[in-house]
Amino acid sequence: MSDSAPTPHVVHVAVHTPMHSTVGGPLSYTHPSPLPPGTLVRVRLGTRPLLGVVWEAPQDAEPVPAHVQLRALDAVLPLPPLDASWLRLVAFAARYYQRSLGEIAMAGLPPALRSATPEQLAKRLQPPAPKKPPRKSARAAAAAEAAVEPVTALPAPPEAAVTLSAEQRGVVDQIAQHPGPFLLYGSTGSGKTEVYLRVVQRALEADPQAQALVMVPEINLTPQLQERFATRFAPLFGPQSVVSMHSGMTEVQRLKSWLAAHQGQARILLGTRMAVFASLPGLKVIVVDEEHDPSYKQEEGARYSARDLALWRGHASGAQVLLGSATPSLESWHASDPAVGRYLRLHMPSRIGAGALPRVRLVDMRQQPKRTVFAPPLLEAITARVQRGEQSLVLLNRRGFAPVLFCTDCGWKSDCPHCSAHQVFHKGDRSLRCHHCGHSQRVPPACPSCGNPDILPLGKGTEQLEEELARLLRNVQRPDGQPARVGRIDADTTRHKGALEAQLAQVHEGEIDVLVGTQMVAKGHDFRRITLVAAVQPDGALFSSDFRAPERLFCLLMQAAGRAGRDAGYVSDQGSQPEMWVQTAEPQHSVFTALRQHDYPAFAARQLQERHDAGMPPFAFQTLVRADAKTQAAAQDFLRAVSDAARQGQLPHLDDVFLYPPIPMTVQRVANVERAQMLIEAADRRALQRFLHAWQPWLHWVRSQPQHKGVVRWLMDVDPLSL
């Protein structure tokens, strides 16, 4: 009897392949033994070494022909397989968002893991070798042994003694009695974070293997929330029980957090939208803080909504899901309507400590002199706060010094050479920067078109507001006799590691009297000394072509208003009153009418009625198909061709969807690539999904035709947030 080599097993592996490449499903490889789904492996695609995830064999998989030679796996990583719930989440996301399986799977794994070899990973998984203690004499060793005290329990967390308000207690009890999902509608300062802490603690104490996922929209909110959670839970479950995951961390840090969660060592994972794909085999609770925030929607690469996936993941894995916001998204508000009943709505209208919501004051800028930056009444109010030792926050959602430089002689503007957008003037380093493609150049000494040396900034950014306020307050003194100090927090001032934390510390310690910032400081932060908030130029969103613009503006202003007067005791001691000032040329607009009353339900009811009448989400479902090409004509021709193909092919549910004609995107050229888009709309989500699935092969076929060689790529954006 002759020895024969064992027959290798066919293994199906999901690797990163973009959907427009026509390779969307798992690829076939061989391995000497079968591998369970979820196993992480190293493979080769062409000449590239890649990370892959072993997958179930597709239902329509055909036997490999005898003459086809499959490649063998390069290696198997020494990690427990990803569990079935994680695989189901990735499969659902790929199917719903019309992406390839591997693209979604790799988006959910840390970059350092994608490049790690088995040897590197094994070395990282090894516990650190204990350091050898210095040699001691026998007498010293005996003395040390005698001095060792018995191990005692960790001290109780300081916040464990926090007394819940009646509203908080009622909400916590309701969450304990219902499976969810829940929408916690609580005003700013009502104590939503304490509710999150109690819900997570209850789940972790009930099951020693339980894990919790807590999501926040912005990187800058994660450190302060992590400190709050670590203070509460480290004494209960150990110093390694709370970890973070966001793009501000190094790749090694993210890998360390991911491994701790995957192996069950971390009980709580705090993170931004990427954390929704974290491997959490013991997941029992998901919290989505500030659930309305558009940052939960991934706008590049694999486009997905982390909030919506969190809801699906919780339903599929049996975990409770708690969404929280003072200004819920209209989709969530509608879903929590008792008549709809998809979510259970919980309400906490009162601020902790009997703190009052700020009084909203509108300044009609039509009654102010032209080119007024700060209306005299607002400037007087800020001055009075500085003199009393209080702090003010000035909000302008546009960084830089000015949106554009302008020549008064020939009309030249500082346009980006690679995009259909202006380069923003940054005075600090005398540069012009494109916030779309990143192109940067020095400010020219004169107009490049006509030579006029008198080129002027047009419009205002946070940098200019900071400079203007410093000039206007130069003679104003604080109670200690020191001059007023103006600070700025935006994407430009926080580029360097640790800069944001240092600037926030200055605000909390009272070193800054007036803080100028963008939306990154308007939400989530607990500034105890801020008693006045001012929105300087909010009107642009009122006239946007995007139907969601009024909702975004209202949410931003409500969140910003919530930064004022959060410490009722401080406000009372100061004899002050929290205020929000809004400078607008449209003081009668319904957005500002609802804002003055802090009446989110009235604003939501009006907006939902308008959307219902217009057939807009959440009463309809949308998908954007985008084409990037060398010319705008090529991009639009491709979209027209795929639209015609859908009609000619009589695709399923064609009569249930409406295909709008293609148009250029708002910023139609970025990095010398022209962009066009086409909107598809349907009244039924399932009909839209089935149509899109049947349409995919046609998109690939049209893209392969010679007349569409100018098309660089195409993509689908399901449930878009920006039109």
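With salt bridges taken as basic N to acidic carboxylate O contacts below 4.0 Å, none links R366 and E586. Under the 4.0 Å criterion applied to side-chain N and carboxylate O atoms, D628 and R713 are assigned as salt-bridge partners. Using a cut-off of 4.0 Å between Lys/Arg side-chain N and Asp/Glu carboxylate O, K192 and E290 are scored as not salt-bridged. With salt bridges taken as basic N to acidic carboxylate O contacts below 4.0 Å, one links R361 and E579. A salt bridge links K297 to D717: at least one charged side-chain nitrogen sits closer than 4.0 Å to a carboxylate oxygen. Under 4.0 Å is where a charged nitrogen must lie from a carboxylate oxygen, and between D719 and R685 at least one such pair does.
The minimum heavy-atom distance between P587 and L362, with the atom names listed, is O-CD1, 3.5 Å. Nearest heavy atoms, D684 versus F621: C-CD1, 3.9 Å. Nearest heavy atom pair, residue M580 against residue P358, reads N-CB, 4.0 Å.
The backbone N or O of V276 sits less than 3.5 Å from a side-chain atom of R313, completing a donor-acceptor pair. Checking side-chain atoms of R611 against main-chain N and O of P617 turns up a donor-acceptor pair under 3.5 Å. Without hydrogens or angle criteria, T593 side chain to H589 main chain gives a donor-acceptor distance under 3.5 Å. With E681 contributing its side chain and L659 its backbone, the two residues share no donor-acceptor pair below 3.5 Å. Between the T493 side chain and the R488 main chain, a donor and an acceptor come within less than 3.5 Å of each other.
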Practice prompt. Run the numbers on L395 and L556 for side chain to side chain contact (heavy atoms under 4.5 Å, CB included), then give the verdict.
Written response: CA-CA 10 Å; L395 176 68; L556 177 61; 4.0 Å; yes

Item to complete: Please test V536 against W581 for side chain to side chain contact (heavy atoms under 4.5 Å, CB included), starting from the C-alpha separation and ending with a verdict.
Response: CA-CA 8 Å; V536 178; W581 290 67; over 6 Å; no

Practice prompt. Test ring-ring contact (aromatic ring centres under 6.0 Å, His included) on Y185 and W333 and set out the steps.
Written response: CA-CA 9 Å; Y185 165 51; W333 187 255; 5.1 Å; yes

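Surrounding CZ of R345 are more than 12 heavy atoms belonging to other residues, nucleotides or ligands, all under 6.0 Å away.
Side-chain contact check for D539 and T584: at least one donor-acceptor pair (N or O, by modelled atom type) lies under 3.5 Å. Donor-acceptor pairing under 3.5 Å is lacking for the side chains of E291 and S325. No hydrogens or angles considered: a donor-acceptor pair under 3.5 Å links the side chains of R273 and Q298. Donor-acceptor pairing under 3.5 Å is lacking for the side chains of S420 and Q668.
One distance of note links CE of M274 with OH of Y304; it measures 7.0 Å at 0.5 Å rounding.
Ring orientation note: the planes of Y600 and F554 are tilted relative to one another, at an angle of 30° to 60°.
Only one option out of R548, Q622, E610 pairs with M616 in a side-chain contact (heavy atoms from CB on, under 4.5 Å); it is Q622.
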